[in-house]
Amino acid sequence: MNYAVHWFRRDLRLEDNHALYEAIESGLKVKCIFILDTNILSQLTENDKRVPFIYNRLEEIQNELKSIGSDLWVYVGKPLEILQKLTEDENLKMVFTNRDYEPYAQKRDKAVYELLEDNDISFKGFKDQVIFDKDEILTQNGTPYTVYSPYMRKWKATLELDQVNYLQEFKIELNKENFLTSNQPTFPTLEFIGFKETELPDLPLNLKNAEIKDYDEVRDIPSLDATTKIGTALRFGTFSIREAVKYAIKENETFLNELIWREFFMQILYHFPKVQNHAFRDKYEGIAWRNNEEDFKLWCEGKTGYPLVDAGMRELNATGFMHNRVRMITASFLVKDLLIDWRWGEAYFGQKLMDFDLSSNNGNWQWAAGTGTDAAPYFRIFNPASQQKKFDPDFKYIQKWVPEFGTEDYPNEIVDHKEARERCLTAYKKAISKFEI
Ligand SMILES: Cc1cc2nc3c(=O)[nH]c(=O)nc-3n(C[C@H](O)[C@H](O)[C@H](O)COP(=O)(O)OP(=O)(O)OC[C@H]3O[C@@H](n4cnc5c(N)ncnc54)[C@H](O)[C@@H]3O)c2cc1C
């Protein structure tokens with residue numbers, strides 16, 4: 001019997017899933033698959049918490065599909081090789097998937113497209129992880145936006161034009177007739193793929209608890225734990241962005257603006273893939289970083305002697321999450337006070353964050369370093385002490401993560417902020433002076 005494949009990637013849900021919806025609409029029976037991509041897995045450590053997160057979610061999806069007599073086919077290997085194998089079954093007629101805009105994914109999907117085309121199988125990609133695709137929000141000249149505010153205004157104006165359509169739910173009928181019957185596929189154990197069972201951090205979708213109505217007032221205070229923690233769910237697609245945006249429109253505009261930041265950085269990465277390894281603005285490429293490895297280690301471990309920086313790093317190491325305000329402070333401290341290449345910090349966050357997303361991580365690190373799209377001048381340098389007075393005045397967040405703060409066991413400051421600030425300004429000035437006539 002002819003059938004179609006739905007290939008899950010960053011869309012790990014059976015509700016409001018665009019490509020899955022289209023696969024069912026095709027009228028073919030649908031076989032749901034997921035590929036544990038060894039190109040990616042081989043770069044992770046066995047304690048990585050994101051793999052068990054994905055794994056648990058796959059089990060949930062599998063159970064739901066089993067309840068209607070179907071299944072989730074989970075493969076381990078390189079996507080191209082797995083798909084090559086699947087094409088050997090001549091009943092496979094179409095492959096549906098939701099688009100992914102990262103450079104690795106783009107390259108992979110191009111190769112998959114060619115492979116499937118050679119085998120007369122059509123490969124259909126759909127917009128699902130964003131409200132607006134890479135080319136839907138462009139300037140009047142048809143070029144991508146490189147500044148957030150006009151992008152955000154155009155984003156909102158475009159949504160206004162046809163909100164019902166853009167936010168439409170893709171209702172999935174979990175109906176036996178729509179899916180391929182199971183023939184006992186393999187579902188590798190976590191151990192088999194080289195990862196350890198681990199207690200997953202408490203990262204609920206916190207929309208209700210976060211009292212989104214007051215989001216703009218409370219979001220900057222780390223001790224309140226008042227943000228939504230929706231990042232991981234959006235990263236892996238366990239929650240639909242359309243649902244999140246509907247909620248934001250109803251409840252809080254600042255929250256909506258944050259969701260637009262996410263799409264802004266996605267389209268920056270898509271249109272300017274060089275940012276993955278380089279400064280968005282070339283003139284910041286030549287900074288003479290100190291890159292002191294001992295300082296970097298102390299920063300990673302949360303032992304810099306600056307309590308808010310240390311609290312943030314320890315929260316990250318313990319939970320895979322760090323509050324946004326503290327992400328900004330820790331990033332600024334690494335780049336500006338320690339004069340360590342932003343790419344080192346970006347990579348460390350990339351290993352640790354549950355909600356790690358290449359585009360947002362890169363965009364925000366470049367923002368902190370002053371090398372990115374934002375017009376904020378590089379000489380605006382966070383003072384960690386004043387940030388603490390403003391955002392953790394009662395030391396509540398600090399006490400939670402750095403219990404020895406204020407005792408003899410707490411380390412001295414590894415740099416003097418005032419001197420470090422001057423050192424940073426000199427290094428930046430020197431680098432960009434080469435570009436001045
Ligand atoms: C140095 C640095 C690195 C970062 N790395 C990542 C990352 O890898 N992945 C990631 O999703 N976010 C990243 N952020 C952005 C932001 O810190 C997180 O999205 C946010 O803290 C996640 O927690 P939340 O879901 O409770 O956020 P909320 O405040 O509840 O915001 C809701 C959602 O809006 C989006 N959002 C909020 N702020 C931003 C922002 N500044 N840029 C882009 N999207 C945003 C996210 O999808 C977030 O989940 C980074 C920020 C900094 C300063």
Candidate pair R50 and D355, rule salt bridge (charged side-chain N to carboxylate O under 4.0 Å, His left out), full reasoning
CA-CA 9 Å; R50 290 164 296 196; D355 64 27; over 6 Å; no
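Between E102 and R108 no salt bridge is recorded (no basic side-chain N to carboxylate O distance below 4.0 Å). Taking 4.0 Å as the cut-off between side-chain N and carboxylate O, K303 and D310 do not count as a salt-bridged pair. Here E346 does not pair with K352 in a salt bridge; the nearest charged N to carboxylate O distance is not below 4.0 Å. Under 4.0 Å is where a charged nitrogen must lie from a carboxylate oxygen, and between D392 and K400 no such pair does. Using a 4.0 Å cut-off between charged side-chain N and carboxylate O, D225 and K396 make no salt bridge. A salt bridge does not link D11 to R99: none of the charged side-chain nitrogens sits closer than 4.0 Å to a carboxylate oxygen.
For residues 164-173, no residue pair satisfies the salt bridge (Lys or Arg N to Asp or Glu O under 4.0 Å) rule, not counting sequence neighbours. For residues 155-164, every residue pair satisfying the salt bridge (Lys or Arg N to Asp or Glu O under 4.0 Å) rule, not counting sequence neighbours, is listed here: K156-E253.
Ring centers of F265 and W261: under 6.0 Å apart, within the cut-off.
Between the side chains of R235 and Q129, not a single donor N or O lies within less than 3.5 Å of an accepting N or O. Between the side chains of N98 and H6, not a single donor N or O lies within less than 3.5 Å of an accepting N or O. D216 and N252 form a side-chain donor-acceptor contact under 3.5 Å, judged by distance and modelled atom types alone.
By the 6.0 Å contact criterion, OH on Y113 is open, its count of non-hydrogen atoms from other residues, nucleotides or ligands being 12 or less.
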Less than 3.5 Å apart, which donor and acceptor atoms pair up between the side chains of residues 141-153 and the rest of the protein, not counting sequence neighbours?
{"residue": "T143", "atom": "OG1", "partner": "T139", "partner atom": "OG1", "Å": "2.7"}
{"residue": "Y148", "atom": "OH", "partner": "N257", "partner atom": "O", "Å": "2.8"}

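Using cut-offs of 30° and 60° on the angle between ring planes, the pair F187 and Y55 is perpendicular.
The backbone N or O of A226 lies less than 3.5 Å from no partner atom in the side chain of K229, so there is not a single donor-acceptor pair.
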